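As structure tokens, the structure follows; a few thoughts come after it.
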Amino acid sequence: MFPETALHTERLLLRPFDSSDIPDVQASCSDSLTLQWLPLPRPYTLEDATSWCTKVAPALHESGDGIHFAVTDCRAGRLMGTVGLKKTDWRARTSEVGYWISPWGRGNGIAVEATRAVARWLLTEQQFQRLELRAATGNAASQKVAIRAGFRREGILRNAGFVHTGRVDLVLFSLLPDDFE
């Protein structure tokens, strides 16, 4: 399992979720744009948010699947989104990154900054060999985040994802340790 950690950037603190995040998680995961691209429960209830912050995210960490960070503004302390690692293959030293940004945090480069921070930590300090990012072919904003965060586009994974409207193709991006040099 990944070590429990907090990551800092110029504007952000990436830390474990806690109960103070519950209202902002519920508001963020109830947003129509978030729900368009992520197969979250509809409606996304306070109970769903409580479960994510206090049970699900910690359990995914403890299982070794990955680690999920609450992305918060350093000054105000407010939750601005999440970035996390999942589907971690410890033997191959690979993982997949995913994120969502709260409606009040969009358009400010937060997803790029948080994704870069996690990628650098994974590929340098944790000595992983590959980080993947998958975005629906219709999700132009997420693909822009991948490119701005330094990922390289590899191709299309046909019928590999699902959203509330059905199956979708995914664009596969990757980042390797040498990409930071």
Side-chain angles (χ1 to χ4, degrees), residues 1-26 28-29 34 37-41 44 46-74 77-102 105 110-135 142 145-146 149-152 154 157 160-162 170 172-181:
M1 123 174 108
F2 289 110
E4 193 71 41
T5 192
L7 304 174
H8 299 266
T9 71
E10 188 175 316
R11 301 180 300 160
L12 304 173
L13 168 63
L14 284 62
R15 59 161 175 77
F17 281 93
D18 63 40
S19 59
S20 71
D21 300 315
I22 293 169
D24 282 341
V25 167
Q26 182 191 15
S28 299
C29 292
T34 302
W37 299 115
L38 297 176
L40 298 170
Y44 196 89
L46 192 60
E47 184 177 297
D48 293 322
T50 300
S51 179
W52 172 258
C53 292
T54 63
K55 296 177 185 157
V56 177
L60 289 169
H61 179 235
E62 291 168 12
S63 74
D65 179 70
I67 186 168
H68 297 270
F69 296 96
V71 176
T72 61
D73 178 272
C74 281
R78 186 172 189 191
L79 182 81
M80 303 302 277
T82 184
V83 63
L85 300 172
K86 60 184 180 178
K87 300 178 185 171
T88 302
D89 184 330
W90 290 92
R91 188 168 182 209
R93 307 296 287 178
T94 64
S95 193
E96 180 183 335
V97 66
Y99 45 79
W100 53 254
I101 299 300
S102 304
I110 290 170
V112 172
E113 189 174 331
T115 300
R116 278 186 186 154
V118 169
R120 185 171 299 283
W121 175 76
L122 180 76
L123 297 173
T124 59
E125 292 181 39
Q126 301 305 307
Q127 300 179 338
F128 269 57
Q129 297 304 305
R130 178 180 171 88
L131 179 59
E132 293 184 353
L133 187 157
R134 298 167 188 223
S142 190
V145 167
F151 285 75
R152 294 185 186 181
E154 292 191 347
L157 302 171
F162 63 95
L170 300 175
L172 175 64
F173 296 89
S174 69
L175 192 64
L176 307 177
D178 290 346
D179 295 334
F180 281 114
E181 296 176 357

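What you see is a predicted model; the values in this text were computed from it and never measured. Sequence positions, counted from 1, serve as the residue numbers for this chain.
- Of the candidates E154, E132, R152, E154 is the only one forming a side chain to side chain donor-acceptor pair (under 3.5 Å) with S174.
- Proximity of L175 to L133: side-chain heavy atoms (C-beta onward) are nowhere separated by under 4.5 Å.
- A search for side-chain hydrogen bond (donor to acceptor under 3.5 Å, both in side chains) contacts involving E4 returns H61, not counting sequence neighbours.
- No donor-acceptor distance shorter than 3.5 angstrom exists from the side chain of S51 to the backbone of D48, with no hydrogens or angles considered.
- Here the closest non-hydrogen pair linking I67 and P3 is CD1-O, 3.7 Å.
- Inter-residue side-chain proximity for L85 and V97 is flagged as met; some heavy-atom pair is nearer than 4.5 Å.
- A57 approaches F17 most closely through the heavy-atom pair CB-CD1, 4.2 Å.
- Here the closest heavy-atom approach between residue V83 and residue L14 is recorded as CG1-CD2, 3.5 Å.
- Of the possible polar contacts, none joining the S102 side chain to the G105 backbone as a donor-acceptor pair under 3.5 Å is found.
- Legend: residues meeting side-chain contact (heavy atoms from CB on, under 4.5 Å) with L38, ordered by chain and number and at least two apart, are T34, L40, W100.
- S28 and Y44 are not linked by any side-chain donor-acceptor pair at a separation below 3.5 angstrom, with hydrogens and angles left out of the test.
- In this structure, L60 CG and D65 CG are separated by 5.5 Å, a value rounded to the nearest 0.5 Å.
- The CZ atom of R15 sits 11.0 Å away from the NE2 atom of H8 when rounded to the nearest 0.5 Å.
- Taking both residues in full, the closest heavy atoms of P23 and S20 are given as CD-O, 3.7 Å, listed atom of the first, atom of the second, then distance.
- Remark: side-chain polar atoms of T82 are paired, donor with acceptor, to backbone N or O of F69 under 3.5 angstrom.
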Sequence neighbours excluded and cut-off under 3.5 Å, please list the side-chain donor-acceptor pairs for residues 115-123, or say none.
unit_1: T115; atom_1: OG1; unit_2: A111; atom_2: O; d: 2.7
unit_1: R116; atom_1: NE; unit_2: R148; atom_2: O; d: 3.3
unit_1: R116; atom_1: NH2; unit_2: R148; atom_2: O; d: 2.3

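- At least one donor-acceptor pair closer than 3.5 Å links the side chain of E113 to the backbone N or O of R11.
- Annotation: the span from E96 atom CD to R134 atom CZ amounts to 5.0 Å, rounded to 0.5 Å.
- Side chain of D24 to backbone of D21: no donor-acceptor contact under 3.5 angstrom is found.
- Inter-residue side-chain proximity for C74 and E10 is flagged as unmet; no heavy-atom pair is nearer than 4.5 Å.
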Could you walk me through whether F151 and V145 pass the side chain to side chain contact (heavy atoms under 4.5 Å, CB included) test, one step at a time? CA-CA 9 Å; F151 285 75; V145 167; over 6 Å; no
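- Side-chain N or O atoms of T72 include one that pairs as donor or acceptor with a backbone N or O of L13 at under 3.5 Å.
- Looking at Y99, its side chain does come within 3.5 Å of a backbone N or O of S142 through a donor-acceptor pair.
- Counting heavy atoms from C-beta on, the side chains of W90 and T88 come closer than 4.5 Å.
- The OG1 atom of T50 sits 8.0 Å away from atom CD of Q26, with the distance rounded to the nearest 0.5 Å.
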